[in-house]
Chemist: 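Sharing a structure below in structure tokens format, with a few things to ask.
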Amino acid sequence: MTRQPHDQFAKQYLEWREATLQEGVQEGQRQVVKNLLRVRFGSLNDELERVIEPLLQLPPPEYSRLLLELSRDELLRRFGGG
């Protein structure tokens with residue numbers, strides 16, 4: 001008796017599960033960055049929204065350090081695309 005369909009299903013399930021977990025991690029990191037920006041600068045406007053995705057390309061310790069150390073203007077210059 002062949003088990004290939006079951007094995008394929010199991011493989012697809014594991015791939016889906018891993019992708020779903022990764023999406024959850026990324027969304028959690030995005031929320032941390034948004035919260036740090038709100039705490040530091042009082043609100044999150046369109047300018048500051050533009051720095052989120054570029055910051056998330058960095059490792060968490062690096063973007064956390066930059067969010068705590070750089071001024072609003074420095075963040076916008078470095079990551080705001082403008």
Side-chain angles (χ1 to χ4, degrees):
M1 184 152 126
T2 180
R3 297 193 62 177
Q4 288 178 340
H6 177 268
D7 292 343
Q8 183 63 26
F9 175 77
K11 180 181 175 191
Q12 288 174 341
Y13 169 77
L14 291 174
E15 289 171 358
W16 169 83
R17 185 172 180 269
E18 181 63 31
T20 302
L21 290 172
Q22 186 61 32
E23 287 174 22
V25 168
Q26 290 170 345
E27 183 56 32
Q29 290 174 333
R30 185 174 290 104
Q31 289 304 315
V32 167
V33 169
K34 284 182 171 187
N35 288 338
L36 281 170
L37 288 168
R38 281 189 194 103
V39 167
R40 289 242 16 238
F41 305 113
S43 66
L44 193 59
N45 62 13
D46 290 341
E47 277 187 315
L48 285 174
E49 285 271 355
R50 287 194 295 269
V51 307
I52 294 170
E53 291 306 318
L55 278 167
L56 289 172
Q57 301 308 306
L58 301 171
E62 175 82 5
Y63 70 64
S64 298
R65 182 184 62 77
L66 293 172
L67 283 167
L68 294 172
E69 291 179 359
L70 296 181
S71 71
R72 183 186 199 303
D73 289 338
E74 290 169 324
L75 284 168
L76 292 173
R77 269 196 305 277
R78 188 161 172 186
F79 300 102

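Here, residue 1 is the first one in the sequence, and each next residue gets the next number. Because the structure is predicted, anything quoted here is derived from the model rather than measured.
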Chemist: Before you tell me yes or no, could you show the steps for Asn45 and Leu48 under side chain to side chain contact (heavy atoms under 4.5 Å, CB included), namely the whole-Å CA-CA distance, both residues' side-chain angles and the distance that decides it to 0.1 Å?
Modeler: CA-CA 5 Å; Asn45 62 13; Leu48 285 174; 3.7 Å; yes
Chemist: In the structure I gave you, are the side-chain heavy atoms of Gln29 and Pro60 within less than 4.5 Å of one another anywhere?
Modeler: yes
Chemist: I'd like to know if the side chain of Arg40 reaches the main chain of Leu67, judged simply by a donor and an acceptor atom lying under 3.5 Å from each other, with no hydrogens or angles considered.
Modeler: yes
Chemist: To the nearest 0.5 angstrom, please state how far the CG atom of Asp73 sits from the CD atom of Glu47.
Modeler: 8.5 Å
Chemist: Tell me the closest heavy-atom pair linking Phe79 and Leu70, and the distance in Å.
Modeler: CE1-CD1, 4.3 Å
Chemist: Under the ring pair (Phe, Tyr, Trp, His ring centres under 6.0 Å) rule, what pairs show up with a residue in residues 14-54, not counting sequence neighbours?
Modeler: Tyr13-Trp16
Chemist: Each residue besides Phe9 in its hydrophobic cluster should be listed here, by chain and number; the cluster joins Ile, Leu, Val, Met, Phe, Trp and Tyr at side-chain heavy-atom distances under 4.5 Å.
Modeler: none
Chemist: Can you tell which of Glu49, Glu53, Glu23 makes a salt bridge (charged side-chain N to carboxylate O under 4.0 Å, His left out) with Arg30?
Modeler: Glu53
Chemist: Report yes if some heavy atom in the side chain of Leu37 is under 4.5 Å from a heavy atom in the side chain of Leu75; otherwise report no.
Modeler: yes
Chemist: Membership question, hydrophobic clusters at under 4.5 Å side-chain separation (ILVMFWY): are Val25 and Ile52 in the same one?
Modeler: no
Chemist: Side chain to side chain contact (heavy atoms under 4.5 Å, CB included) between Leu66 and Arg78: does it pass, once the steps are laid out?
Modeler: CA-CA 10 Å; Leu66 293 172; Arg78 188 161 172 186; 3.6 Å; yes
Chemist: Treat each ILVMFWY residue as a node, draw an edge where side-chain heavy atoms are under 4.5 Å apart, and state whether Leu56 and Leu68 are in one component.
Modeler: yes
